[in-house]
Amino acid sequence: MRLTSEWLQRAERFTFPLTVATGLLLGVAVTLTSVGAGALGVVALLALYPLRLTGDRLVATDIAHAVPVTAVAGASHALLGHVDPHVLGLLLAALFWGSVGIPRDRAVTGTTANALVAIMLAFVSLRMFANR
């Protein structure tokens with residue numbers, strides 16, 4: 001089967017019902033297996049919309065889905081009293097300083113960024129093992 005524009009136009013009428021069905025299946029799969037919806041959802045969206053969704057739009061769609069889901073989960077944990085205010089403050093501070101550094105990321109090469117992330121992860125790992 002060839003993906004021609006004529007075939008895609010004929011298949012367009014099935015795209016909406018298939019998108020809804022895929023969303024339902026993804027919701028059930030995530031609920032039962034804890035597999036990330038983003039990993040499966042991006043593949044499903046790419047299959048459903050092969051010409052309309054570019055890589056950057058797929059990533060943006062994944063992020064737009066992850067933010068509200070994470071916010072609801074975080075609010076639920078906060079209501080149940082499972083949130084450590086000290087850790088939350090550190091995460092919010094890191095978020096702020098990370099977003100301030102984004103405009104400067106063009107000056108850092110990929111190799112340098114990888115080395116900095118590796119150093120940070122090593123430091124965090126050592127601190128975690130030291131506090132055991």
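Side chains are part of it too, since the values below use all heavy atoms of this structure and drop only hydrogens, waters and symmetry mates.
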* Asked: If you group Ile, Leu, Val, Met, Phe, Trp and Tyr by side-chain heavy-atom gaps below 4.5 Å, do Leu46 and Tyr49 land in one group?
  -> yes
* Drop me the distance from Thr19's OG1 to Leu48's CG, to the nearest 0.5 angstrom. => 4.5 Å
* Determine whether Leu25 and Phe14 fall in the same hydrophobic cluster, where Ile, Leu, Val, Met, Phe, Trp and Tyr are linked whenever their side-chain heavy atoms lie under 4.5 Å apart. => no
* To do: Look up atom CD1 in Ile119 and atom CG in Asn114, then write down how far apart they are to the nearest 0.5 Å.
  => 11.0 Å
* From Leu40 CG over to Leu45 CG, what is the distance, rounded to the nearest 0.5 angstrom? -> 11.0 Å
* Do Val28 and Leu24 have side-chain heavy atoms sitting under 4.5 Å apart? -> no
* Asked: What about Leu92 and Val83, same hydrophobic cluster or not, with Ile/Leu/Val/Met/Phe/Trp/Tyr joined at side-chain heavy-atom distances under 4.5 Å?
  -> yes
